[in-house]
Amino acid sequence: MKYIEKLASIRQEMKEKGVDAYIIPSSDPHISEYLPDRYKCIAWTSGFTGSAGTLAITQDFAGLWTDSRYFVQAAEQLEGTGFELVKLQVQGRAEYATWLAKNLEKGNTVAFDGNLASVAVAQAVKNELEPLGINVNGHLDLLDPIWEGRPDLPKDKAYLIDEKTTGQSTTDKIAAIKNILKDKRTDTHFVSSLDDLAWILNIRGNDVNCNPVVLGFLMIQGDKNTLFIQDGKLSAADIATLNAAGVEVADYSKAFDAVKGIYAERILLDPKRTCFAIYDSVPEGVKIVEDMNPSTALKAIKNEVEIEHTRNAMVKDGVALTKFFKWVEENVSSGNLSEISIAEKLQELRASSEGFVDISFDTIAGYREHGALPHYKATDSSNSTLKPEGLLLVDSGGQYTDGTTDITRVISLGKITAEEKKDYTIVLKGTIEGSQAVFPKGTKGYSIDAITRRPIWETFRNYGHGTGHGVGFFLNVHEGPQVFNMAAIDIPVEEGMITSIEPGLYREGEYGIRIENLVLSKVVESNQFGEFMDFETLTICYIATDLVDKSLLDNKHVDWLNNYNAWVFEKLSPKLDESEKAWLKEKTKAI
């Protein structure tokens, strides 16, 4: 069925159900960023494959609301589908609800599938529309009746990882969560988010591409803890281990019934990470405490075991990247390299490392103008052949049993312009400024964002995405609660957090630049003025110097770059053969 035909079928379903507008979020019952195939509803409906967006459909208009990361991609993918791109003014805001408020009349009905909408999204829609007399139905799935061959839920096996890897037992994690619940005078908590569940139970799986998670729900209630997971996903030994940790195992399909049958005074639900269908299943007599999952803050602060494992994973990742960039440089003149083939080669090199499980997200290999698309993924139709000229941006990462990586580098393939070098150097200054930041304990992410952007803003340049996101431990590459962006989010940078620093600069139709490392926040000084923090850079891969205009750097930037590249050589050279060592020695020499 073509996209235009799917749209017509949805509109027919809307007519039959008395629905004037239908909303399709990019999500699943666990409010995931990356989705199992069964819940890739926006891709199936419209052809748009980005990880963030919302469709809103009426009888005379169908739009995709998405942010600046996807404007070019969305415009290309929506062509001929019957859907139009609507550019979000503010990332993450429900601006489609405002549009519906302006274009619908009193008595009209808006519907969505409550399994796909978070509580926060559902409330934003209801708060916008219901005061205008517009009805909102949050329990209508119009896709399932017309989606022929809709994929089943994944059936891959899940598995437990031991305390030697995680540094903390499931029993201790649940105890820590219950202490927080006690402080909030709440004894019941329902966890929908897959990374929270994975962290609490030390469980991993393969149900979502790139994220080592398993579909499930977790109920923590008094002395009873229940994991709802598909039958057959866990071995008898793993079930026994969970039982010994005080966790019962029940069938995945029983989760909603368990919520409907809750006997408690208060239940804690995270409105951003719980679907509306679960929220609306809570019995009327139970008070819902809307708050962030306690595990979200707990897992963001890595323990010493996780940190040491992550450092080891960074060495493996750096070795693979060194081999990769050497291979690209030596083979680009052949005319046989493309964006897709180099992404495959990088995954092959990572896969040769001990403990490699998967990539941590789809590799962004953007040559020339494709580098200006922050979330670009090459397709058969877009796949560019590399030539010995221009800039190549590679944003990639790996999932290892001992850590998760995320790194972006830009290299020159030849014939670089003065403007490209200037832009590269300005972005590099931003990366260095962020990496060298010293700040009082309690500082929020927006301050780190501003510190990083300062040298870029000084040249009247900017970038549309955030400066940094949290990263999990052998878990999701995008992890909260901390972010480094311009939003006034009241989450402090805590000791033990791992976060990216990734400023960029994009010239549409020409090239893109982004230089990204992961950093560990730590306390560096305590005195009469309070505690001060800084960052330890964890990522180990050379930063290209042939693109640097040294005249634009201060001495502190030059020193940082030289020291960083020398450290990279020291850490990686023992793992390389002689030719690789010689090549890296040249790449890391001081400027």
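Here, residue 1 is the first one in the sequence, and each next residue gets the next number. None of the values given here were measured: they were computed from a predicted structure.
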Are D195 and K299 close enough for a salt bridge, meaning some N to O gap below 4.0 Å? yes
Decide side-chain hydrogen bond (donor to acceptor under 3.5 Å, both in side chains) for T404 and Q399; before the verdict, give the C-alpha distance in whole Å, the side-chain angles of both, and the deciding distance to 0.1 Å. CA-CA 5 Å; T404 300; Q399 292 285 8; 2.7 Å; yes
Is it the case that the side chain of S26 and the backbone of A52 share a donor-acceptor pair, with hydrogens and angles ignored and the cut-off at 3.5 Å? no
Out of curiosity, N243 CG to L227 CG, how far, rounded to the nearest 0.5 Å? 10.0 Å
Report yes if the distance between the aromatic ring centroids of F439 and F532 is under 6.0 Å, otherwise no. no
S573 side-chain N/O to K581 backbone N/O, donor-acceptor pair under 3.5 Å: no
Indicate the ring-plane relationship of F484 and F535, choosing parallel, tilted or perpendicular according to the 30° and 60° boundaries. tilted
Residues Q73 and T49: side-chain donor-acceptor under 3.5 angstrom: yes
Distance-only, no hydrogens or angles: does the R266 side chain make a donor-acceptor pair with backbone N or O of V286 under 3.5 Å? no
Does N476 offer a backbone N or O that forms a donor-acceptor pair with the side chain of E479 under 3.5 Å? no
Return the CD1 to CD distance between I200 and Q168, rounded to the nearest 0.5 Å. 11.0 Å
With respect to I203, which candidate in L194, T241, L160 satisfies the side-chain contact (heavy atoms from CB on, under 4.5 Å) definition? L160
Are any of the side-chain heavy atoms of L215 and L153 separated by less than 4.5 Å? yes
Is it true that a side-chain atom of Q230 and a backbone atom of P154 form a donor plus acceptor pair closer than 3.5 Å? yes
Indicate the atoms forming the closest heavy-atom contact of V477 with V471, along with that distance. O-CG2, 3.5 Å
Is a side-chain donor or acceptor of S353 paired with a backbone partner of A351 at a separation under 3.5 angstrom? no
Can D577 and K326 be said to form a salt bridge (charged side-chain N to carboxylate O under 4.0 Å, His left out), step by step? CA-CA 12 Å; D577 65 28; K326 179 176 183 290; 6.0 Å; no
Can D270 and T274 be counted as having a side-chain donor-acceptor contact under 3.5 angstrom? no
Would you mind checking if K441 and E525 are paired as a salt bridge, meaning a charged N to carboxylate O distance below 4.0 Å? no
Evaluate ring-ring contact (aromatic ring centres under 6.0 Å, His included) for F48 paired with Y70, printing each intermediate quantity in order. CA-CA 9 Å; F48 174 68; Y70 298 106; 5.6 Å; yes
Between R273 and D196, is there a salt bridge with N-O shorter than 4.0 Å? yes
Atom pair CE (M314) and CG (N517), whose distance is rounded to the nearest 0.5 Å: 8.5 Å
CG on D395 to CD on E516, rounded to 0.5 Å: 5.0 Å
Please determine whether ring-ring contact (aromatic ring centres under 6.0 Å, His included) holds for the pair F190 and Y279, giving the CA-CA distance in whole Å, both sets of side-chain angles, and the decisive distance to 0.1 Å. CA-CA 10 Å; F190 191 82; Y279 180 91; over 10 Å; no
Does K575 have more than 12 heavy atoms from other residues, nucleotides or ligands lying within 6.0 Å of its NZ? no
Enclosure of K254 NZ (heavy-atom neighbours >12, cutoff 6.0 Å): no
Under 3.5 Å: donor-acceptor pair, side chain of S193, backbone of H30: no
H139/F276 under ring-ring contact (aromatic ring centres under 6.0 Å, His included): CA gap, chis, key distance, verdict: CA-CA 9 Å; H139 300 288; F276 179 70; 5.4 Å; yes
Would you say the side chains of S396 and R350 form a donor-acceptor pair under 3.5 Å? yes
Is there a side-chain contact between R514 and T408 in this structure, where contact means two heavy atoms from C-beta onward sitting under 4.5 Å apart? yes
P36 and D207, any side-chain heavy atoms less than 4.5 Å apart: no
Using a strict 4.0 Å threshold on nitrogen-to-oxygen distance, state whether E265 and K287 make a salt bridge. no
Any C541 side-chain heavy atom under 4.5 Å of R409 side chain: yes
Pairing of R150 and D37 as salt bridge, 4.0 angstrom limit: no
Decide side-chain hydrogen bond (donor to acceptor under 3.5 Å, both in side chains) for E502 and H469; before the verdict, give the C-alpha distance in whole Å, the side-chain angles of both, and the deciding distance to 0.1 Å. CA-CA 9 Å; E502 48 181 309; H469 57 83; 3.1 Å; yes
For S235 and D238, indicate whether the former's side chain and the latter's backbone hold a donor-acceptor pair under 3.5 Å. yes
What are the two closest non-hydrogen atoms of A300 and G480, and how far apart are they? CB-O, 3.7 Å
Is any side-chain heavy atom of I24 closer than 4.5 Å to a side-chain heavy atom of D113? no
Smallest heavy-atom separation, F228 atom then A258 atom, equals CZ-CB, 3.4 Å
Ring centroids only, cut at 6.0 angstrom: are Y34 and F361 within range, meaning strictly under it? no
Judged by modelled atom types alone, do N211 and R204 share a side-chain donor-acceptor pair under 3.5 Å? no
Decide side-chain hydrogen bond (donor to acceptor under 3.5 Å, both in side chains) for S253 and D251; before the verdict, give the C-alpha distance in whole Å, the side-chain angles of both, and the deciding distance to 0.1 Å. CA-CA 5 Å; S253 63; D251 188 77; 2.4 Å; yes
Testing N312, D358, T405, T310 one by one against Y400 for a side-chain contact (heavy atoms from CB on, under 4.5 Å), which residue passes? T405
Considering all heavy atoms of both residues, which atom of I515 and which atom of T431 are nearest to each other, and what is their separation? O-OG1, 3.0 Å
Of all the heavy-atom pairs spanning A111 and L140, show the shortest one and how long it is. CB-CD2, 3.8 Å
Quick one: does any side-chain atom of N206 pair with a main-chain N or O of P212 as donor and acceptor, under 3.5 Å? no
Rounded distance [0.5 Å steps], CG in L197 versus CG in L218: 5.5 Å
Check whether any side-chain heavy atom of L518 lies under 4.5 Å from a side-chain heavy atom of T499, and answer yes or no. no
Tell me which one of D28, D144, D141 satisfies salt bridge (charged side-chain N to carboxylate O under 4.0 Å, His left out) with R38. D144
Check: G318 main-chain N/O paired with T322 side-chain donor or acceptor under 3.5 Å: yes
Between I342 and F324, is any pair of side-chain heavy atoms under 4.5 Å apart? yes
Hey, what do you get for CG (D162) to OG (S169), rounding to the nearest 0.5 Å? 11.5 Å
For the residue pair L55 and I23, establish whether any side-chain heavy-atom pair is separated by less than 4.5 Å. no
Is K316 salt-bridged to D402, cutoff N-O under 4.0 Å? yes
If you compare all heavy atoms of D223 against all heavy atoms of K178, which two are closest, and at what distance to 0.1 Å? CA-NZ, 4.0 Å
Do E163 and K173 meet the salt-bridge criterion of a basic N to acidic O distance under 4.0 Å? no
